2 protein chains.
Amino acid sequence: MNRRVPDNALNLPTLADVARAAGVSTATVSRCLNSPSQVQESTRERVLAAVMALGYSPNFGARALAARRTGTIGAIIPTMENAIFARAIQAFQEELHLSGVTLLVASSSYSPQNEADQIRTLVARGADALLLIGHDRDPGIYAFLEQRGVPVLVSWAFDPAQARPAIGFDNRRAMAALAKEVLRLGHQRVGMISALAEGNDRARDRISGVRDALRDHGLDPTALHLIEIPYSIANGAEAMAKLMALPARPTAVICGNDVLAVGALQMARKLGLRVPADVSITGFDDIELATVVDPALTTVHVPHREMGREAARLLVAMVGGAGSPPPVCLETEFCPRGTLAAPSA
Amino acid sequence: MNRRVPDNALNLPTLADVARAAGVSTATVSRCLNSPSQVQESTRERVLAAVMALGYSPNFGARALAARRTGTIGAIIPTMENAIFARAIQAFQEELHLSGVTLLVASSSYSPQNEADQIRTLVARGADALLLIGHDRDPGIYAFLEQRGVPVLVSWAFDPAQARPAIGFDNRRAMAALAKEVLRLGHQRVGMISALAEGNDRARDRISGVRDALRDHGLDPTALHLIEIPYSIANGAEAMAKLMALPARPTAVICGNDVLAVGALQMARKLGLRVPADVSITGFDDIELATVVDPALTTVHVPHREMGREAARLLVAMVGGAGSPPPVCLETEFCPRGTLAAPSA
DNA sequence: TGAAAATATGTAAGCGCTTACATTTGTCTC
DNA sequence: GAGACAAATGTAAGCGCTTACATATTTTCA
């Protein structure tokens, strides 16, 4: 018995089997599958018939080994649990699919350590390129990716100071625009509930945006009541309770994203506060959740789909050897709905 | 110039480089990485030092080719856009991670054709096993997977009539229990908004569950006002509008899941109907959305996390050659909240 | 103390595919 | 109809790793 044939071997057909059945060389079969135009039609038909007849399907590992790429792009998002990233990732995947690329998604749970692990895992998994959220991470990671020759695209952030390929929006400016609307209505005591700023440039930029607006309105930016807390509805509610217990209660609470805002809204209701009559609340992202609550959330619309789709195009081009594209900045839009109004006198 | 060294080669270190640096054979290096206990500690240290020094990381394709498995498990879910599957998939992934297995997620958009494509793609991508949602699909697909030797676990459904490995819950019984509560409160005219039943055994079972309960209460199960429509908040709202326009308006609307129910709730509000005073609405799944709306949704709690975690354990065992486990049925729980009450006289 | 058993390491044959280069065949051009 | 060129196909060398089996070394214990 041949030592190379374990008892449980499935003996799936190989390229060689197809070649034999079609009476051609393995190279021709390979070409039929990868660049059909190089093969004469009559031959191609014969080969494809053999492929069908044998139920052949290429071995992934062998193909990856020989071709030196896997046709896989990885994305690491902070969380899959809420919808913040879902829409963009869905669009990202759909667009990748058009190019025959498979998406591998991992989540970091907003932990830099975790993210670093996931990056290594995805690269080890043969990801040809990576989509990451935000610029903020250990420079060693960028060095590692560079050394391995893995192109990276940063999304969700646009920072002209960063030269690496990125597609995102200006979190700071977008949040400043929203905060300006809040202040324009006459709010003087403003609270903010943000994600943890540590290792999260989007959160940091949004905080800076609020401070910018305060400053522009002649208010003291350091007087902002800021609570940093991981994203979750429950955390948003908890933070809101704290803000509402303040001696000088804020009349408006700006939230770092819609998830926190929905939690805040829930808590306001629970505390018997009317929104927006007693307190205004704003979100950021414009996920579906924002329109489901009552009143619907005043927020900032982020073009998630467009970002996902364009990210896919850029990455496919980068894998194809297109070099580094310049950073792209998409526009966000202030989205007035039902949770923001002038403070009651 | 050697024809095998393209100009842009990265020349990453290989196993052989590590072996040379550590003064051992490639087999020893491989063992250090895959079954460290087989290697003497002193040797292991030397090898690992070399690995670090060179920045070595195994080539995925080569490993997959030689080992005949990729350490990847695929999951195909109907959608990533809403949170229905998010929690289970998150738990699934976390548990897989503990076994060093990577998860590949694809979504079918509730299209059987699409799902079949995705299954083929994932298998072609080297998935060692697959997690699928529900039993309902072309038998040819099961035959294909069997032929390729890819273990499959069905989730989200438990059907004692199906012998294949599965972990889920009894959609029919769970929905019947909820419907029973609705009927017990005295509702006589019941409407239902469901996902499309075609190719979706979960949806079908839930409908059957409602009919079971009607029958048990001496009502005519065929008199159920049923609207089938793809899952989305907007669709739920639209279906609700239709139901509310019926001459004999239902006093209770049972929704196939929370997403539809939230849409229905929105529409009720828009139509000026009080919930539950004027009309009761129920959901299914108990996703986060259910507790965010006001009033909170009466629904059925599904142990998503547990299902995901256990699915991962079962699949890892199956890949390990454990054979087919028997189907597992998890318990669901009726979740009374604010959208169900007795009909107003 | 020596043979058997256990442990540690080495050797080298593939795994199934892609692709550079070689060869064959077909098509023009003058 | 010979020579030049293009198109189609074949040949075979790896890609980097795992692992069956061989060999060397250490331990065990009668």
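Every value quoted in this text rests on a predicted model; they were computed, and no experiment measured them. To find a chain, count down the sequence lines: A is the first, B the second, and so on, and within it residues start at 1.
- Across all strands, A/T14 comes closer than 4.0 Å only to sugar-phosphate atoms, never to a base (heavy-atom distances).
- Taking side-chain N and O atoms only, A/T28 has a distance below 4.0 Å to OP1 or OP2 of D/dG10.
- Each of B/A66 and B/S37 has a nearest nucleotide on DNA chain C; the 5'-most of these lies closest to B/S37.
- Using a 4.0 Å heavy-atom cutoff across all strands shown, A/T43 reaches sugar-phosphate atoms only and no base atom.
- Between A/R31 atom CZ and C/dT18 atom C1' there is a gap of 10 Å when expressed in whole angstrom units.
- In this structure, B/L15 atom CG and C/dA12 atom P are separated by 17 Å, rounded to whole Å.
- Summary of the strand contacts: A/R44 and A/T26 both lie near DNA chain D, and taking for each the nucleotide with the nearest heavy atom, the more 5' one is attributed to A/R44.
- Spacing between atom CG of B/D17 and atom P of D/dG16 amounts to 9 Å, rounded to whole angstrom units.
- Rounding to whole angstrom units, CD of residue B/Q38 and P of C/dT7 are separated by 11 Å.
- Mapped onto DNA chain C by nearest heavy atom, A/P13 and B/S25 fall at different nucleotides, with B/S25 at the one closer to the 5' end.
- Atom CD of A/E45 is separated from atom C1' of D/dA8 by 16 Å (rounded to the nearest Å).
- Taking the ring centroids of B/W156 and B/H304, they lie under the 6.0 Å cut-off.
- Not one side-chain nitrogen or oxygen of B/R63 sits closer than 4.0 Å to the OP1 or OP2 atom of D/dG16.
- B/A67 comes within 4.0 angstrom of the backbone, heavy atoms only, and of no base.
- Under a cut-off of 6.0 angstrom, the local environment of CD in B/E198 is sparse, with at most 12 non-hydrogen atoms contributed by other residues, nucleotides or ligands.
- The interatomic distance linking A/L65 (CG) with C/dT18 (C1') rounds to 10 Å, in whole Å.
- A/L131 is listed as a side-chain neighbour of A/L315, based on a closest heavy-atom distance under 4.5 Å.
- Taking atom CG of residue A/N59 and atom P of nucleotide D/dC17, one finds them 16 Å apart after rounding to whole Å.
- Residue A/S30 is classed as a base contact, given a heavy-atom separation below 4.0 Å to a base.
- Checking the phosphate oxygens (OP1, OP2) of D/dT18, a side-chain nitrogen or oxygen of B/N34 falls inside 4.0 Å.
- Geometric assessment of A/R309 against the ring of A/F92 yields a negative cation-pi assignment under the 6.0 Å and 45° thresholds.
- Here the options are B/R87, B/E94, B/Q93, the test is side-chain hydrogen bond (donor to acceptor under 3.5 Å, both in side chains), and the partner is B/Q90; only B/E94 passes.
- In this structure, B/L54 atom CG and D/dG16 atom P are separated by 14 Å, rounded to whole Å.
- Evaluation of atom-type donor-acceptor distances gives no pair under 3.5 Å for the side chain of B/R68 against the base of C/dG16.
- B/F60 comes within contact range of no nucleotide atom at all, as no heavy-atom separation falls under 4.0 Å.
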